[in-house]
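This chain uses plain numbering: 1 for the first residue, then up along the sequence.
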Amino acid sequence: MKNWIPLLLLLLALSSCKTRTTVQSETDNKRDSITTGKDNRNPKDVNEPVRDKLTFYEHVLIPPKFEQIKIDSKVKVETGSFVPTLDATIYIENDKKVWMNLRALFVNAARGIATPEGIKGQDKINKTYIDSDFDYLNNLLNVNFIDYKSLEKILLGRTFVKINDRQFDLTQNAQGFKMVSNINQKIVTDEKNREYKIALQYDTNYDLLNVNLKDILSSDELDVSYSDWNEYEGIRLPKNVKIIIKGSKSSQILMENTKFDFSRMETPYFVPSSYKKIEIK
């Protein structure tokens with residue numbers, strides 16, 4: 001329990017999927033086409049420059065308007081050791097907080113909350129808790145750019161990396177849109193400077209399908225895939241997301257979002273005095 005609860009709490013349900021074989025194959029083909037410029041499913045499809053770039057950027061960069069979203073999910077974490085499938089409730093209050101409660105066999109197992117100031121989480125089984133900034137989450141994901149807003153965007157299937165017209169090539173074919181960085185993307189933080197090769201894939205209706213980041217100086221790689229998009233009260237949201245972490249730490253998070261609700265709810269978070277704090281190193 002100690003190994004997987006902090007991971008779940010700090011990722012705060014970066015949603016994922018029961019990826020069917022056909023969906024996985026399709027995603028793999030799209031990823032191959034991003035990095036090679038070839039479409040494995042239909043050789044006749046040619047990647048062409050996008051003429052109406054303004055419309056594209058408006059769709060992929062302007063965030064949806066909402067006050068709060070409640071998501072019921074099935075969460076599965078694969079780390080090499082057994083972790084049971086968990087029931088999760090995720091509550092996002094726009095620009096303010098992401099709250100999460102995890103249940104195992106109908107028993108509350110863990111709870112966490114993220115705000116622009118940082119992340120807190122508690123393991124109710126082992127009676128421990130954490131209180132950290134976003135550096136720990138970045139370490140878990142093998143990256144260095146995650147903050148509160150990018151966490152919100154990951155959960156909702158929005159573009160969570162910075163893209164622009166000068167440093168990315170934007171093309172389209174029958175399957176949708178592709179963005180590939182034409183120079184290495186340098187991300188400088190207080191703790192670490194890193195450079196990434198970044199590729200993104202969008203559907204023909206601008207839904208985000210895949211984001212892949214590769215650190216050019218190490219084996220670290222982060223791959224996030226979305227599928228089964230639908231519209232809920234005017235907002236398009238993904239049912240499934242799959243997060244694969246490779247390199248110095250390897251794992252994957254699968255999550256199936258089973259219900260979306262836009263009503264307000266209480267988000268209690270209190271750490272009992274008997275809980276032991278886990279120091280983040």
**Message:** Can you see whether R111 engages N101 through a side-chain donor-acceptor pair at a distance of less than 3.5 angstrom?
**Reply:** yes
**Prompt:** Distance-only, no hydrogens or angles: does the S73 side chain make a donor-acceptor pair with backbone N or O of V75 under 3.5 Å?
**Reply:** no
**Message:** Counting C-beta onward and ignoring hydrogens, is there a side-chain heavy-atom pair between K277 and D131 closer than 4.5 Å?
**Reply:** yes
**Prompt:** Is there a donor in the side chain of D215 and an acceptor in the side chain of N142, or the other way round, less than 3.5 Å apart?
**Reply:** no
**Request:** Compare all side-chain heavy atoms of L237 with those of L156 and state whether any distance is below 4.5 angstrom.
**Result:** yes
**Asked** Looking only at heavy atoms, what is the nearest atom pair of V143 and L222, with distance?
**Response** CG1-CD2, 4.0 Å
**Request:** Apply the test side-chain contact (heavy atoms from CB on, under 4.5 Å) to residues I90 and K70: give CA-CA distance (whole Å), side-chain angles for both, the deciding distance (0.1 Å), then the verdict.
**Result:** CA-CA 6 Å; I90 308 162; K70 176 186 174 184; over 6 Å; no
**Request:** For the residue pair T258 and D72, confirm or rule out a side-chain donor-acceptor distance under 3.5 Å.
**Result:** no
**Message:** Running the 4.5 Å side-chain criterion over Ile, Leu, Val, Met, Phe, Trp and Tyr, what cluster does I216 land in, apart from itself?
**Reply:** L217
**Request:** Could you tell me which non-hydrogen atom of P49 sits nearest to which non-hydrogen atom of Q172, and how far apart they are?
**Result:** O-OE1, 4.3 Å
**Message:** Return the CG to CD1 distance between L141 and I244, rounded to the nearest 0.5 Å.
**Reply:** 13.0 Å
**Test log, rule side-chain contact (heavy atoms from CB on, under 4.5 Å), inputs I92 and L155** = CA-CA 9 Å; I92 303 172; L155 288 168; 3.9 Å; yes
**Prompt:** Between Y148 and K97, is there a donor-acceptor pair closer than 3.5 Å when you use the side chain of the first and the backbone of the second?
**Reply:** yes
**Fill in**
CD1 of I71 to OG1 of T89, rounded to nearest 0.5 Å, is 10.0 Å
**Message:** Is it the case that the side chain of Y269 and the backbone of G121 share a donor-acceptor pair, with hydrogens and angles ignored and the cut-off at 3.5 Å?
**Reply:** yes
**Message:** Between K74 and D87 (salt bridge meaning N to carboxylate O under 4.0 Å), is one present in this structure?
**Reply:** yes
**Request:** Go through R236 and D207 one step at a time and tell me if the salt bridge (charged side-chain N to carboxylate O under 4.0 Å, His left out) criterion holds.
**Result:** CA-CA 8 Å; R236 290 190 63 79; D207 290 336; 2.7 Å; yes
**Request:** Output, in order, the C-alpha distance, side-chain angles, deciding distance and verdict of side-chain contact (heavy atoms from CB on, under 4.5 Å) for Y226 and L209.
**Result:** CA-CA 5 Å; Y226 300 90; L209 299 177; 5.7 Å; no
**Request:** List the steps and the verdict of side-chain hydrogen bond (donor to acceptor under 3.5 Å, both in side chains) for Y196 and N144.
**Result:** CA-CA 10 Å; Y196 301 93; N144 72 324; 2.7 Å; yes
**Item:** From CA spacing to verdict: ring-ring contact (aromatic ring centres under 6.0 Å, His included), F262, Y232
**Value:** CA-CA 9 Å; F262 295 83; Y232 304 88; 7.5 Å; no
**Beyond-backbone contact of V98 with Y91, side-chain heavy atoms, under 4.5 angstrom** = no
**Item:** Under 3.5 Å: donor-acceptor pair, side chain of D228, backbone of K239
**Value:** no
**Prompt:** Can you find a side-chain donor-acceptor pair between Q252 and E78 that sits under 3.5 Å?
**Reply:** yes
**Request:** Taking atom CD of E58 as the centre, report whether more than 12 heavy atoms of other residues, nucleotides or ligands fall under 6.0 Å from it.
**Result:** yes
**Asked** Regarding Q167 and Q185, is there a side-chain donor-to-acceptor distance under 3.5 Å anywhere?
**Response** yes
**Prompt:** V224 and F160: which non-hydrogen atoms are nearest, and at how many Å?
**Reply:** CG2-CZ, 3.9 Å
**Prompt:** When you check the side-chain N and O atoms of Y206 and T55, is any donor under 3.5 Å from an acceptor?
**Reply:** no
**Message:** If the threshold is 4.0 Å, N to carboxylate O, is there a salt bridge linking K246 and D220?
**Reply:** no
**Message:** With a sphere of 6.0 Å drawn around CD1 of I183, does it hold more than 12 non-hydrogen atoms of other residues, nucleotides or ligands?
**Reply:** yes
**Asked** Do you know the tightest heavy-atom contact between L151 and F134?
**Response** CD2-CE2, 4.3 Å
**Request:** Step by step, work out the ring-ring contact (aromatic ring centres under 6.0 Å, His included) result for Y129 and Y275.
**Result:** CA-CA 7 Å; Y129 73 97; Y275 280 31; 7.3 Å; no
**Request:** Mind listing the closest non-hydrogen atom pair of N184 and E195 along with its distance?
**Result:** CB-OE1, 3.5 Å
**Complete:** Between the CD1 atom in I187 and the CG atom in N193, the distance rounded to the nearest 0.5 Å is 10.5 Å
**Asked** Under the 3.5 angstrom rule, does the side chain of N138 hit a backbone N or O of F145 as a donor-acceptor pair?
**Response** yes
**Asked** Does any N or O in the side chain of S251 come within less than 3.5 Å of the main-chain N or O of I245, such that one atom is a donor and the other an acceptor?
**Response** no
**Prompt:** Does the N126 side chain pair with the main chain of T128, one donor and one acceptor, at a distance under 3.5 Å?
**Reply:** no
**Asked** Which distance, rounded to the nearest 0.5 Å, do you find between the CG of D223 and the CG of N212?
**Response** 4.5 Å
**Prompt:** What is the minimum heavy-atom distance between P238 and N257, and which atoms define it?
**Reply:** O-ND2, 3.1 Å
**Prompt:** Quick one: are T171 and N173 in side-chain contact, heavy atoms under 4.5 Å?
**Reply:** no
**Request:** Apply the test side-chain contact (heavy atoms from CB on, under 4.5 Å) to residues K242 and N210: give CA-CA distance (whole Å), side-chain angles for both, the deciding distance (0.1 Å), then the verdict.
**Result:** CA-CA 9 Å; K242 182 175 185 178; N210 180 261; over 6 Å; no
**Request:** Drop me the distance from E256's CD to L254's CG, to the nearest 0.5 angstrom.
**Result:** 10.5 Å
**Message:** Surrounding NZ of K96 (heavy atoms of other residues, nucleotides or ligands, distance under 6.0 Å), is the total greater than 12?
**Reply:** no
**Request:** Report the C-alpha separation of D169 and K178 in whole Å, then their side-chain angles, then the decisive distance to 0.1 Å, and conclude whether the salt bridge (charged side-chain N to carboxylate O under 4.0 Å, His left out) test is met.
**Result:** CA-CA 8 Å; D169 293 326; K178 302 173 186 178; over 6 Å; no
**Message:** Whether the side chain of T115 engages the backbone of E117 through a donor-acceptor N/O pair (distance < 3.5 Å, no angle test) should be reported.
**Reply:** yes
**Item:** Backbone N/O of F270 and side chain of Q122: donor-acceptor pair under 3.5 Å
**Value:** yes
**Message:** Donor-acceptor pair, distance only, cut-off 3.5 Å: does the side chain of E152 make one with the backbone of D95?
**Reply:** yes
**Prompt:** If you round to the nearest 0.5 Å, how far is NZ of K65 from CD1 of I235?
**Reply:** 11.0 Å
**Request:** Taking the side chain as every heavy atom from C-beta outward, state whether D165 and Y57 have any pair of such atoms under 4.5 Å apart.
**Result:** yes
